[in-house]
Participant: 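So that we are looking at the same thing, I have put the structure below in structure tokens.
Counting convention: from 1, in listed order, for ligands and their atoms alike. The first residue in the sequence is number 1, and the count goes up from there.
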Amino acid sequence: MSNQAPPTSFLAVRGTKIVHEDSGAEIILRGAGLGGWLCMENFISGFSGCEFQAREALEEVLGEEKAEFFFDKFLTYFFTASDAKFFKSLSLNCIRIALNYRHFESDSAPRTLRFNCFAHLDRVVALCAEQGIYTILDMHTAPGGQSGGWHCDSALHLANFWRHKDFQDRFVWLWTILAERYKDNAWIAGYNLLNEPADPHPGHASLIALYDRTIAAVRAVDSRHTLYLDGNTFATDFTKFPENVRGGERWGENVAYSIHDYSVYGFASAPEPYARTPEQMERQKNTYLRKRKWMDERGLCVWNGEWGPVYARKAFDGDGFEETNERRYNVLDDQLAMYGKDGLSWSIWLYKDIGFQGMVHVSPTTPYLARLQDFLARKHRLGIDAWGTSPTPEVAAAFDPIMNLIKTNVSNPEHLKLYPQIWRYDGRVTRVARTMLVAEFMVKEWADHFKGMSEEELDEMAKSFLFENCLLREGLNEKLRSHAPKVEN
Ligand SMILES: O[C@@H]1[C@@H](O)[C@H](O[C@@H]2CO[C@@H](O[C@@H]3CO[C@@H](O)[C@H](O)[C@H]3O)[C@H](O)[C@H]2O)OC[C@H]1O
């Protein structure tokens, strides 16, 4: 149970603003995504491939009981009262919790809740509430994968969620369960129904039909929580959404529309280093404005559910890493200034990881990172966790020929534009060949690092993720702190 008094009222959307339902006073949600916890990811957590592959591999190495012991300890240590207190000390007020559907049901026993499956989620929602921090539940993976990203935990580049009705039925079922469980909890700011959908169908028809069904199902049990809806194609495209959402006619008024505003200048693949030139700032601003245009034209509420640069590391990127990171902090600063002017609510990606993007990251001296050091260096050299990085010459030499083969042999250039077009043909090769294929061959190697460990040793590995064993990315935290005025609840 939370020690913090319940907030006086639920939060709700009124027009373009998020407000306290009772007083109508505006609240701006400023916070971060708790990824890599109830939805583990390769670059956040250190394994290769997807969470289900890592879990299966560890079970093979340790046996079911010990593997379960490790993951439960990992979930326990990853977010504790210290994390919530630190978060609050930055004057941030909302954590978006990424959820993997597999924590609640399994593919081999669909629609059967796993034993004790809410324990960690309940615990963290309560820990945040104790600090006056709101939470948003974010369904980050859906059965079959709602996009071809590694973060869907499907290990496939085709988003099969949109092709199998039963996957969608299970998704609606799970949301009904979650809404029933949390319907009276006013510290939950809302439900982010589906992270980064990538519905390939014309008119985004499957996504719209899914939102229709899920909203009806949630509203049948929970009439109060705000629903946060990502646009199609990784939360960037709202243009096919129905016109009659305006005024709450179709999906209700209590809905916010979620963009993901990653800036090209926050990644290694930036067209040029970010130097805050008027042209660069204009480009960054235009991308942001383009993503929210559809909502702005209709007077709808916008939430930036994911955004944020990634950071260079000395061990991988060499001596220039600090200069690179200063540029990335400037990207961050300029994005925050834009959002501040608009009174936009945002949730930066990412709260905690092993050192690429998080506000807080596991120290290299911990048992987990010390043991995995060489493995992680090789994973980096091979470009397995490709997102946000640039390929090394070795990697480019291996995969450029495949890209060229495709480019020069597909006779109709239009056929190179497979959905999602933002990947382009070369990005598709990267995802399939590197993040899935090469990664698959290294799944077991991650698990091998745990071979023969006792429960005490497994506990030490998991404890590496404890706040007290982490380092703070001060450059990032300082920018967040400076743009988050003392928050009111
Ligand atoms: O779990 C997260 C995941 O949600 C996130 O997904 C990626 C976000 O970036 C996407 O590309 C961007 C689309 O918008 C354009 O404006 C940007 O320039 C692109 O970078 C990408 O396709 C998604 O996979 O990534 C991090 C994961 O940990």
Participant: Looking only at protein heavy atoms, which one is nearest to atom 5 (C) of ligand 1, and how far off is it?
Facilitator: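 That would be Glu306 OE1, 3.3 Å.
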Participant: Look at atom 15 (C) of ligand 1 and find which of Arg431, Lys291, Arg290 reaches it with the closest heavy atom.
Facilitator: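 Heavy atom nearest to atom 15 (C) of ligand 1 belongs to Lys291.
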Participant: What protein heavy atom lies closest to atom 13 (C) of ligand 1? Include the residue and the distance to one decimal.
Facilitator: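 The protein heavy atom lying closest is Ile422 CD1, 3.9 Å.
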Participant: First locate atom CZ of Phe43, then atom OG1 of Thr389, and finally report the distance between them rounded to the nearest 0.5 Å.
Facilitator: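 The distance works out to 10.5 Å.
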Participant: Has the side chain of Asn100 got a donor or acceptor atom that lies under 3.5 Å from a matching backbone atom of Leu38?
Facilitator: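 Flag not set: sc Asn100 to bb Leu38 has no pair under 3.5 Å.
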Participant: Could you check whether Lys352 makes a cation-pi contact with Phe78, meaning its NZ or CZ is under 6.0 Å from the centre of the six-membered ring and within 45° of the ring axis?
Facilitator: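 That pair qualifies as a cation-pi contact.
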Participant: Less than 3.5 Å between some nitrogen or oxygen of Thr287 and one of ligand 1, yes or no?
Facilitator: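 Thr287 vs ligand 1: no N/O contact under 3.5 Å.
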Participant: Distance to 0.1 Å, residue and atom name: give those for the protein heavy atom nearest to atom 17 (C) of ligand 1.
Facilitator: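 Among all protein heavy atoms, the one nearest atom 17 (C) of ligand 1 is Tyr262 O, 3.9 Å.
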Participant: In ligand 1, which numbered atoms sit nearer than 4.0 Å to a non-hydrogen atom of Glu41?
Facilitator: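 Near Glu41, meaning under 4.0 Å from one of its heavy atoms, ligand 1 has 1 (O), 2 (C), 27 (C), 28 (O).
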Participant: What protein heavy atom sits nearest atom 24 (O) of ligand 1, and how far off is it?
Facilitator: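 So the nearest neighbour among protein heavy atoms is His151 NE2, 2.8 Å.
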Participant: Under the 3.5 angstrom rule, does the side chain of Gln146 hit a backbone N or O of Asn195 as a donor-acceptor pair?
Facilitator: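 Side chain of Gln146 to backbone of Asn195: a pair is present.
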Participant: Under 6.0 Å between the ring centres of Phe450 and Trp446?
Facilitator: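 Centroid distance Phe450-Trp446: below 6.0 Å, so yes.
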Participant: Rounded to the nearest 0.5 Å, how far apart are OG of Ser345 and CH2 of Trp303?
Facilitator: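 Between atom OG of Ser345 and atom CH2 of Trp303 there are 9.0 Å.
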Participant: Counting each atom of ligand 1 from 1 as listed, which ones have a heavy atom of Phe43 under 4.0 Å away?
Facilitator: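 Here the atoms of ligand 1 in question are 28 (O).
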Participant: Just heavy atoms, cut-off under 4.0 Å: does Leu350 contact ligand 1 by side chain, backbone, both, or neither?
Facilitator: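 It is neither part, as no heavy atom is under 4.0 Å.
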Participant: Go through ligand 1 atom by atom and flag the ones less than 4.0 Å from a non-hydrogen atom of Asn195.
Facilitator: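 Counting from 1, the qualifying ligand atoms are 4 (O).
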Participant: Can an N or O of Glu196 be found at a distance shorter than 3.5 Å from an N or O of ligand 1?
Facilitator: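 Yes; the residue has a nitrogen or oxygen that sits under 3.5 Å from a nitrogen or oxygen of the ligand.
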Participant: Looking only at side chains, do His103 and Glu51 share a donor and an acceptor under 3.5 Å apart?
Facilitator: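 Checked: His103/Glu51 side chains pair up, N/O donor to acceptor below 3.5 Å.
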Participant: Hey, does the side chain of Lys291 reach the backbone of His260 with a donor-acceptor pair shorter than 3.5 angstrom?
Facilitator: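 Yes, Lys291 side chain to His260 backbone: donor-acceptor pair under 3.5 Å.
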Participant: Compare every heavy atom of Gly46 with every heavy atom of Phe375, then report the nearest pair and how far apart it is.
Facilitator: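 Closest approach of Phe375 to Gly46: CE2-O, 3.5 Å.
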Participant: Is the closest N or O pair between Trp150 and ligand 1 shorter than 3.5 Å?
Facilitator: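 Trp150 vs ligand 1: no N/O contact under 3.5 Å.
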Participant: With a cut-off of 4.0 Å, which atoms of ligand 1 are near a heavy atom of His140?
Facilitator: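 Numbered from 1, ligand 1 contributes 1 (O), 2 (C), 4 (O).
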Participant: Distance under 4.0 Å to a non-hydrogen atom of Thr236: what atoms of ligand 1 satisfy this?
Facilitator: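 Near Thr236, the atoms of ligand 1 are 14 (O).
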Participant: Considering only protein heavy atoms, which is closest to atom 9 (O) of ligand 1, and at what distance to one decimal place?
Facilitator: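 Going atom by atom, the protein heavy atom closest to atom 9 (O) of ligand 1 ends up being Trp387 NE1, 3.5 Å.
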Participant: So which heavy atom in the protein is nearest atom 20 (O) of ligand 1, and how far is it from that ligand atom?
Facilitator: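 Of every protein heavy atom, Phe267 CE1, 3.4 Å lies nearest to atom 20 (O) of ligand 1.
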Participant: Taking the six-membered ring for Trp and the single ring otherwise, decide whether the centroids of Trp307 and Tyr339 are under 6.0 Å apart.
Facilitator: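 Yes, the ring centres sit under 6.0 Å apart.
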Participant: Mind checking whether Gln357 contacts ligand 1 via backbone (N, CA, C, O), side chain (CB onward), both or neither, at a 4.0 Å heavy-atom cut-off?
Facilitator: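 Looking at Gln357 and ligand 1, no heavy atom falls under 4.0 Å.
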Participant: How about Asn185 and His225: does a side-chain donor come under 3.5 Å of a side-chain acceptor?
Facilitator: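 There is no such pair between these side chains.
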